[in-house]
Amino acid sequence: MGANLLPYTREQGHNNKLGRTPPKIWLNFLATSGRRARFITAFENHGEVHGERTDIWRFFDLRPSPVFSAMADRLVIEWTADTVNWAKAGETASLMPVVEIADPQTEPFPGFDLLLISYGELQAVVADDRYSQWRTALSSVQGIYLISDTKTGKLYVGKADGAERFLGRWSGYAKNGHGGNVALRELAGADADHARHFRFSILRVFAPSATTAQVDAAEAHFKRALLSRQTGNNRN
């Protein structure tokens with residue numbers, strides 16, 4: 001991305017939103033998810049290179065700038081919702097809210113067998129750019145997961161199957177703390193912050209090609225093995 005960004009950015013159409021006299025500093029963002037955009041780098045504009053102009057394109061002498069260099073790959077903003085929105089002037093851009101200043105390092109995915117995270121960590125996995133490797137992994141497979149309640153010691157066995165997979169299923173928990181499960185919803189009703197006691201792990205992974213019957217059988221097996229119906233939070 002970095003190697004191609006300068007040639008891509010310096011080539012602009014005659015009648016685009018940059019106008020006849022583009023600004024001195026150009027900040028470059030990369031769309032991540034939803035309307036979130038992550039700051040990549042800044043260029044300093046030293047003017048149009050008139051000798052390269054064509055009937056369609058004009059080219060600018062852009063040079064790397066140290067502006068916001070400490071925020072590269074860290075600053076995440078919420079882009080505007082309008083339809084024609086690839087470029088913003090400074091006044092408009094200054095109104096975009098900062099949603100995150102991330103750790104400069106990404107978090108490596110530990111592998112399905114070693115994954116064990118708290119509820120707070122799950123919320124970061126779903127939304128934080130540092131966890132992009134995790135989201136890729138969790139969206140690629142289906143399987144059986146375990147939610148351990150560190151306050152009560154009770155267990156909940158669940159399945160993430162079909163197109164939803166682990167990332168889709170766990171995003172529901174990250175949003176409301178119960179994912180629609182009956183017993184977990186009751187806990188949330190008694191204590192809105194009860195999910196802070198939860199720990200998430202994975203018991204078995206299936207390829208996307210696995211059948212519903214295979215995933216259902218594995219879920220039933222772990223419910224029996226862990227007594228999650230008799231002494232845990234499973235109701236069926």
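Sequence positions, counted from 1, serve as the residue numbers for this chain. Worth knowing before you read on, the calculation uses all heavy atoms, side chains too, and leaves out hydrogens, waters and symmetry mates. Treat the numbers as computed from the prediction; the structure is a model and nothing was measured.
Environment of NZ in Lys24: crowded, with over 12 heavy atoms of neighbouring residues, nucleotides or ligands closer than 6.0 Å.
Taking the side chain as every heavy atom from C-beta outward, Leu203 and Leu226 approach each other to under 4.5 Å. Within the 4.5 Å cutoff, the side chain of Asp73 has heavy atoms near those of the Ile40 side chain. Counting only heavy atoms from C-beta outward, the side chains of Val141 and Phe206 never approach each other to under 4.5 Å. Under the 4.5 Å side-chain criterion, counting only non-hydrogen atoms from C-beta, Gln142 is in contact with Val215. Side-chain contact between Lys159 and Asp216 is present, with at least one heavy-atom pair separated by less than 4.5 Å. Between Tyr156 and Asn181, some side-chain heavy-atom pair lies under the 4.5 Å cut-off. Counting heavy atoms from C-beta on, the side chains of Arg38 and Leu75 never come closer than 4.5 Å. Side chains of Ile77 and Arg36 form no contact here, defined as non-hydrogen atoms less than 4.5 Å apart.
Separation of atoms OG (Ser201) and CG (Asp113) is listed at 10.5 Å; rounding is to 0.5 Å. To the nearest 0.5 Å, the span separating CD1 on Ile202 from OH on Tyr145 amounts to 11.0 Å. Rounded to the nearest 0.5 angstrom, Phe59 CZ and Arg53 CZ are separated by 11.0 Å.
Put simply, the side chain of Arg135 gets close to the backbone of Asp128: a donor and an acceptor are under 3.5 Å apart. The backbone N or O of Thr106 sits nowhere less than 3.5 Å from a side-chain atom of Arg130 that would complete a donor-acceptor pair. At least one donor-acceptor pair closer than 3.5 Å links the side chain of Ser139 to the backbone N or O of Thr136. For the pair Glu44 (side chain) and Ile25 (backbone), a donor-acceptor distance under 3.5 Å is absent. Remark: the backbone N or O of Phe60 is paired with a side-chain donor or acceptor of Arg10 at under 3.5 angstrom. In this structure, Lys223 contributes its side chain and Ala218 its backbone to no donor-acceptor pair below 3.5 Å. With hydrogens and angles disregarded, a donor-acceptor distance shorter than 3.5 Å links the side chain of Ser140 to the backbone of Ala137.
When all heavy atoms of Thr41 and Leu5 are compared, the pair lying nearest together is CG2-CD2, 3.6 Å. Annotation for Gly179 and Arg169: closest pair O-NH2, 3.1 Å, computed over non-hydrogen atoms. Scanning both residues, Thr80 and Met96, for their nearest heavy atoms gives CG2-CE, 4.0 Å. Nearest heavy-atom pair across Ala188 and His178 is CB-CD2, 4.0 Å. The nearest pair of heavy atoms linking Gln123 to Ala174 is NE2-O, 3.2 Å.
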- [ ] Could you go through the side chain to side chain contact (heavy atoms under 4.5 Å, CB included) check for Leu27 and Phe68 one step at a time?
- [x] CA-CA 9 Å; Leu27 304 181; Phe68 286 170; 3.8 Å; yes

Open item on the list: As a quick check of understanding, evaluate side chain to side chain contact (heavy atoms under 4.5 Å, CB included) for Asn28 and Phe39, giving each step before the final call.
Closed with: CA-CA 6 Å; Asn28 296 268; Phe39 173 63; 5.6 Å; no

- [ ] Please lay out, stage by stage, how Phe166 and Leu115 fare under the test side chain to side chain contact (heavy atoms under 4.5 Å, CB included).
- [x] CA-CA 12 Å; Phe166 283 109; Leu115 190 151; over 6 Å; no

- [ ] For the pair Glu219 and Arg204, evaluate salt bridge (charged side-chain N to carboxylate O under 4.0 Å, His left out) and give the outcome as yes or no after the intermediate values.
- [x] CA-CA 9 Å; Glu219 181 189 28; Arg204 185 171 178 183; over 6 Å; no

Task: Chi angles and distances behind the side chain to side chain contact (heavy atoms under 4.5 Å, CB included) call for Leu122, Tyr173 - done: CA-CA 8 Å; Leu122 173 65; Tyr173 291 111; 4.0 Å; yes

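Ion pair Arg235/Glu186 flagged as a salt bridge, since at least one NZ, NE, NH1 or NH2 atom sits closer than 4.0 Å to an Asp/Glu carboxylate oxygen. By the 4.0 Å N-to-carboxylate-O rule, Asp191 lies close enough to Arg196 to be salt-bridged with it.
Applying the salt bridge (Lys or Arg N to Asp or Glu O under 4.0 Å) test to residues at least two apart or on different chains, the pairs with a partner in residues 61-70 are Asp61-Arg63. Each salt bridge (Lys or Arg N to Asp or Glu O under 4.0 Å) pair with one or both residues in residues 138-152, not counting sequence neighbours, would appear here, but there are none.
In this structure, the ring of Phe198 has its center no less than 6.0 angstrom from the ring center of Tyr119. In this structure, the ring of Phe109 has its center less than 6.0 angstrom from the ring center of Trp134.
Under the rule for a side-chain hydrogen bond (donor to acceptor under 3.5 Å, both in side chains), the partners of Thr211 that lie at least two apart in sequence or sit in another chain are Gln214. Every residue two or more places apart in sequence or in another chain that forms a side chain to side chain contact (heavy atoms under 4.5 Å, CB included) with Arg199 is listed here: Leu116, Ser118, Ser148, Thr150. With sequence neighbours excluded, the residues that form a side-chain hydrogen bond (donor to acceptor under 3.5 Å, both in side chains) with Glu78 are Arg35. Considering only residues two or more places apart in sequence or on other chains, Arg224 meets the salt bridge (charged side-chain N to carboxylate O under 4.0 Å, His left out) condition with none of them.
Taking hydrophobic clusters as Ile, Leu, Val, Met, Phe, Trp and Tyr residues chained together by side-chain heavy-atom distances below 4.5 Å, Trp170 shares a cluster with Leu184.
A donor-acceptor contact closer than 3.5 angstrom is absent between the side chains of His50 and Glu52.
Partner of Asn234 under the side chain to side chain contact (heavy atoms under 4.5 Å, CB included) criterion, out of Ile147, Val157, Leu227, Leu155: Val157 alone.
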